[in-house]
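Everything on this sheet refers to the single structure shown next.
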Amino acid sequence: MTMPTYPLLQVLQVKVRRVEQQEKVVAEKKEVLEEEKRKLQEKEKARDKVLNHHNDKLQQLRDELDKETTTDKIKQMKLYIKEVKIKLEAEEKKVKEQLEQVEVAKKDLEAAQEELRRRRVDVDKLKTHQIDWEKEMRKELQIIAGREEDELGQIIFAKNQRER
């Protein structure tokens with residue numbers, strides 16, 4: 001007697017396919033996160049560049065104040081420092097927005113990983129069920145084979161008894 005096919009085989013195949021699809025989604029989410037982190041680094045570099053420029057201009061103003069200079073020049077430098085400070089604030093805002101994007105990407109990745117974990121658990125449960133089902137089928141097939149052997153043995157015994 002041949003072993004019957006597992007009745008939930010198609011369900012198992014579908015669930016395995018879903019795990020593979022979710023693995024692709026997780027990989028895509030990781031790429032998105034890495035891209036967002038890269039953008040954050042770029043924006044931080046731009047902010048740091050503006051910050052360094054701001055600090056340089058402040059130092060230049062201090063140096064100028066140490067010398068004797070005209071008030072027009074000092075006013076002009078202060079005005080320029082205010083403009084640089086506004087630009088610095090804009091860059092800081094960009095960094096904060098990008099940090100939010102990184103956090104969103106992290107949460108998306110975590111959600112995708114959780115979904116992958118759940119799908120893998122489903123597949124594992126079905127595989128465990130399949131193993132148990134196959135063991136049960138083998139036992140039943142052995143019982144049926146044993147009965148058939150008993151019947152054959154009884155028939156042969158009865159035949160031998162009649163011949164004697």
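Note that the coordinates shown come from a computational prediction; the quantities given were computed from them, not determined experimentally. For this chain, numbers begin at 1 and follow the sequence in order.
- Leu51 CG to Lys49 NZ: the interatomic distance, rounded to the nearest 0.5 Å, is 13.0 Å.
- In summary, Arg120 and Glu23 engage in a salt bridge, as defined by a charged side-chain N under 4.0 Å from a carboxylate O.
- Of the options Glu36, Lys39, Lys93, Arg47, a side-chain hydrogen bond (donor to acceptor under 3.5 Å, both in side chains) to Gln98 is made by Glu36 and by none of the others.
- One finds no salt bridge joining Lys85 and Glu89 here, because no Lys/Arg side-chain nitrogen approaches an Asp/Glu carboxylate oxygen to under 4.0 Å.
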Between Leu152 and Glu149, does the side-chain contact (heavy atoms from CB on, under 4.5 Å) criterion hold? Intermediate values first, please. CA-CA 5 Å; Leu152 281 173; Glu149 288 175 9; 5.6 Å; no
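- For the atom pair Met137 CE and Gln130 CD, the distance stands at 12.5 Å (nearest 0.5 Å).
- Screening residues 51-62 for salt bridge (Lys or Arg N to Asp or Glu O under 4.0 Å), with sequence neighbours left out, gives no hits.
- The shortest side-chain heavy-atom distance between Glu83 and Leu79 falls under the 4.5 Å cut-off.
- Dense packing is recorded around CD of Gln13, with more than 12 heavy atoms of other residues, nucleotides or ligands lying under 6.0 Å away.
- Looking at Thr70 and Ile74, their side chains never come closer than 4.5 Å, going by heavy atoms from C-beta outward.
- Using a 4.5 Å cut-off between side-chain heavy atoms of Ile, Leu, Val, Met, Phe, Trp and Tyr, with links allowed through other members, Val16 and Val25 fall into different hydrophobic clusters.
- Taking the ring pair (Phe, Tyr, Trp, His ring centres under 6.0 Å) definition, one finds that Tyr6 meets it with His129, Trp133, sequence neighbours left out.
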Kindly determine whether His54 and Leu58 satisfy side-chain contact (heavy atoms from CB on, under 4.5 Å), including the steps that lead there. CA-CA 6 Å; His54 180 261; Leu58 279 176; 3.4 Å; yes
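- With no hydrogens or angles considered, a side-chain donor-acceptor pair links Asp63 and Gln59 at under 3.5 Å.
- Shortest non-hydrogen contact noted between Val11 and Leu126 is CG1-CD1, 3.7 Å.
- Glu140 places a side-chain heavy atom less than 4.5 Å from the side chain of Glu136.
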Worked check of side-chain contact (heavy atoms from CB on, under 4.5 Å) between Gln113 and Lys30: CA-CA 10 Å; Gln113 287 173 331; Lys30 282 182 181 178; 3.8 Å; yes
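- Within the 6.0 Å centre-distance limit, the rings of His53 and Tyr80 are counted as a close aromatic pair.
- Under the 4.5 Å side-chain heavy-atom criterion for grouping Ile, Leu, Val, Met, Phe, Trp and Tyr, Val19 is not connected to Val121 through any hydrophobic cluster.
- A salt bridge is defined here as a Lys NZ or Arg NE, NH1 or NH2 lying under 4.0 Å from an Asp or Glu carboxylate O, and Glu91 with Lys94 meets this definition.
- Side-chain atoms of Met3 and Glu134, non-hydrogen and from C-beta on, do get closer than 4.5 Å to each other.
- The CD1 atom of Ile155 lies 11.0 Å from the CG atom of Asp150; values are rounded to the nearest 0.5 Å.
- Looking at Lys127 and Val123, their side chains come closer than 4.5 Å, going by heavy atoms from C-beta outward.
- Shown here is Gln10, whose CD atom has no more than 12 heavy atoms of other residues, nucleotides or ligands within 6.0 Å.
- The salt bridge (Lys or Arg N to Asp or Glu O under 4.0 Å) pairs that include a residue from residues 97-109 are Glu103-Lys106, where partners are two or more places apart or lie in different chains.
- Taking both residues in full, the closest heavy atoms of Lys43 and Val95 are given as O-CG2, 3.5 Å, listed atom of the first, atom of the second, then distance.
- Taken to the nearest 0.5 Å, the NZ atom of Lys78 stands 10.0 Å off from the OG1 atom of Thr71.
- Counting heavy atoms from C-beta outward, Arg138 and Leu141 have side chains that stay 4.5 Å or more apart.
- When all heavy atoms of Leu109 and Leu33 are compared, the pair lying nearest together is CD2-CD2, 3.8 Å.
- Here the straight-line distance linking atom CD of Gln22 with atom CD of Glu20 works out to 12.0 Å at 0.5 Å rounding.
- Residues Glu114 and Arg117 are paired through a salt bridge, judged by an N-O separation under 4.0 Å between the basic side chain and the carboxylate.
- Interatomic distance, Leu116 CG to Arg119 CZ, rounded to the nearest 0.5 Å: 8.5 Å.
- Hydrophobic clustering (side-chain heavy atoms under 4.5 Å, transitive across Ile, Leu, Val, Met, Phe, Trp, Tyr) keeps Leu8 apart from Val14.
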